[in-house]
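Each chain gets a letter, A, B and so on, in the order its sequence line appears, and its residues count up from 1. If you're wondering where the values come from, they're calculated on a predicted model, not measured in any experiment.
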There are 2 protein chains.
Amino acid sequence: MIFTAPRYRFTVRPMREAAAPESRPYHHGDLRRALIDAARRLLEQEGPTALSLRAVAREAGVSPAAPYHHFKDKGELLDAVAHEGWEMLNQALTAARAKGANLHDKMAGLGVAYVLFARDNPSLYRVMYDGSRDKEDLPTQMRMKDDSAYCQVRDTLVEAGADPTDEIALELATTAAWCAAHGLAEMASFKSFDHLKDAVGGEEAFFHGVFEHMKVFAKVQPD
Amino acid sequence: MIFTAPRYRFTVRPMREAAAPESRPYHHGDLRRALIDAARRLLEQEGPTALSLRAVAREAGVSPAAPYHHFKDKGELLDAVAHEGWEMLNQALTAARAKGANLHDKMAGLGVAYVLFARDNPSLYRVMYDGSRDKEDLPTQMRMKDDSAYCQVRDTLVEAGADPTDEIALELATTAAWCAAHGLAEMASFKSFDHLKDAVGGEEAFFHGVFEHMKVFAKVQPD
DNA sequence: TTTTTCATTTGAACGATGCTTAGATAGCAC
DNA sequence: GTGCTATCTAAGCATCGTTCAAATGAAAAA
């Protein structure tokens with residue numbers, strides 16, 4: 001497996017506020033960290049289109065060229081931001097894990113948690129998938145680590161009764177769940193569905209309703 | 001319903017080749033059309049990142065300011081390109097419609113057709129959804145017109161036996177199918193799934209397999 | 001035909017972006 | 001203190017989206 005050690009110890013920490021500019025010495029101390037925080041701040045406040053490398057440098061109070069000593073290019077900064085996003089998603093799914101009695105309820109619960117994360121962090125979610133699309137893959141972090149969101153979905157399936165010896169079926173089911181959640185996460189922000197949300201009694205009910213109706217793809221119709 | 005008449009008669013026509021630049025008179029004749037074609041050509045050949053307004057103008061053999069007499073800004077050009085994409089998707093689903101005996105087979109067939117469209121027109125598909133995300137909605141064209149992809153999914157559900165009087169369930173099921181297909185369309189290009197594709201015997205089998213396993217969300221497990 | 005009109009197209013410009021290079025600064029080992 | 005070296009700045013390049021005045025020429029008006 002090709003995976004070089006990360007250059008810095010990774011934890012998702014709360015974003016620091018921007019330091020008062022006049023207090024900064026010539027050498028910043030931890031500009032890398034400050035740049036990631038500045039990027040996330042801009043992302044939250046101004047949205048993904050406002051996130052230019054120069055704007056991030058401005059927000060961090062350094063010159064436009066400074067970031068290039070910590071990131072090869074803009075993409076590498078965005079990768080670092082996305083990395084934190086994936087870690088946050090892992091944590092969100094961990095928190096929501098394993099509620100519900102049967103397979104359906106467990107999976108729907110996990111799916112709703114996923115969609116809620118995307119709803120609450122729309123810009124971050126977008127950066128996460130834009131980066132993946134560019135690389136034509138999800139980050140290694142998502143597929144290999146034990147607490148990765150992908151592995152949690154798979155483990156939940158097993159807990160809920162899926163046959164762990166049929167590896168292919170298990171991976172297909174995990175992929176199916178992931179696709180359903182991601183698809184809904186992207187649709188959920190579209191205004192066309194507002195009337196449906198109202199009709200079923202709110203956003204979360206809408207999410208549950210959509211997952212419920214994934215049954216149209218089931219070979220034998222339940223109910 | 002808010003929907004102004006389109007400014008030009010719409011059909012999805014094959015892209016014209018770039019005209020020999022020296023043969024072009026000062027007034028182009030149909031620069032709007034030529035710009036859309038140039039944009040789609042660039043999109044196919046160079047990918048979405050290469051698609052700048054200036055590059056499109058260059059490709060069409062015209063000055064950088066010329067497009068602004070036919071499109072308010074870059075976004076409006078991309079909207080026009082996306083519009084053609086949605087029409088193509090409609091046609092693709094129409095062609096694939098209603099094959100299969102039961103609900104599961106019909107829906108899986110439609111879903112696979114959707115995913116194949118995204119696989120075969122990756123850059124166009126991206127432009128279609130980027131535009132939708134910016135506007136926070138799918139184009140009106142997708143939801144209202146009778147032959148729209150969305151309506152076709154819904155009609156297929158009814159044909160396959162869904163209760164047409166339960167409007168909410170019908171819309172939820174249509175949405176679920178759409179989410180599943182869009183989710184898989186985005187995942188399908190990720191390399192992590194290559195081994196799964198091989199394991200199940202090819203890409204289309206993989207698509208069918210994933211749709212099949214959407215059953216993990218069904219309340220009663222079939223099989 | 002000649003003249004007028006006016007949408008179309010051009011060229012030049014503005015501010016902003018990603019990125020590179022050369023040089024200034026200062027923390028740190030000696 | 002003296003260097004060494006990572007860090008940061010200043011300036012510059014090519015490109016981008018967009019605007020605006022001026023040029024063009026097709027088509028209507030005379």
Worksheet item: Picking from D/dT18, C/dT10, D/dC8, which would you name as closest to the side chain of B/Lys74?
Response: D/dT18

Practice prompt. Rounded off to whole Å, could you give me the CG-to-C1' distance for the A/Leu35 and D/dT7 pair?
Written response: 12 Å

Worksheet, complete the sentence: Checking C/dG18, C/dT10, D/dT9 against the side chain of A/Ala65 (C-beta onward), the nearest is D/dT9

Worksheet item: Do B/Thr94 and B/Gln152 have side-chain atoms, one donor and one acceptor, less than 3.5 Å apart?
Response: yes

Worksheet item: Which heavy atom of A/Phe217 sits nearest a heavy atom of B/Ala176, and at what distance?
Response: CE1-O, 4.5 Å

When the side chains of residues 49-57 of chain A are checked against the rest of the protein, which donor-acceptor pairs come out under 3.5 Å, sequence neighbours left out?
{"unit_1": "A/Ser52", "atom_1": "OG", "unit_2": "A/Ala55", "atom_2": "N", "d": "3.0"}

Worksheet item: B/Phe71 has an atom CZ; how far is it from atom C1' of C/dT8, in whole Å?
Response: 14 Å

Discussion item. From the set C/dT17, D/dG17, C/dT8, return the single nucleotide nearest to any side-chain atom of A/Arg54.
Written reply: C/dT17

Discussion item. So, does A/Ser63 get its side chain near the phosphate of D/dA10, meaning an N or O under 4.0 Å from OP1 or OP2?
Written reply: no

Worksheet item: Between atom CG in A/Asp30 and atom P in D/dA6, what is the gap in whole Å?
Response: 17 Å

Response to the item:
Per atom distances to the B/Asp73 side chain, the nearest of D/dT18, C/dT20, D/dC8 is D/dT18

Discussion item. Rounded to whole Å, how long is the line connecting atom CG of B/Asp134 with atom P of D/dG17?
Written reply: 14 Å

Item to complete: Tell me whether the OP1 or OP2 atom of D/dT9 has a side-chain N or O from A/His69 closer than 4.0 Å.
Response: no

Item to complete: Measure from NZ on B/Lys72 to C1' on D/dG17 and round the result to the nearest Å.
Response: 12 Å

Worksheet entry | Residue-phosphate contact under 4.0 Å: A/Arg58 side-chain N/O, C/dA16 OP1/OP2 | no

Worksheet item: For the pair made of OH in A/Tyr68 and C1' in D/dG12, what is the distance, rounded to whole Å?
Response: 14 Å

Worksheet item: How long is the line joining NE2 of A/His70 and P of D/dT9, in whole Å?
Response: 10 Å

Worksheet item: Just how far, in rounded Å, is P of D/dC8 from CZ of A/Arg32?
Response: 13 Å

Worksheet item: Is the shortest side-chain N to carboxylate O distance from A/Lys145 to A/Glu87 below 4.0 Å?
Response: yes

Worksheet item: Do we see a donor-acceptor contact under 3.5 Å between the side chains of A/Arg133 and B/Ser189?
Response: no

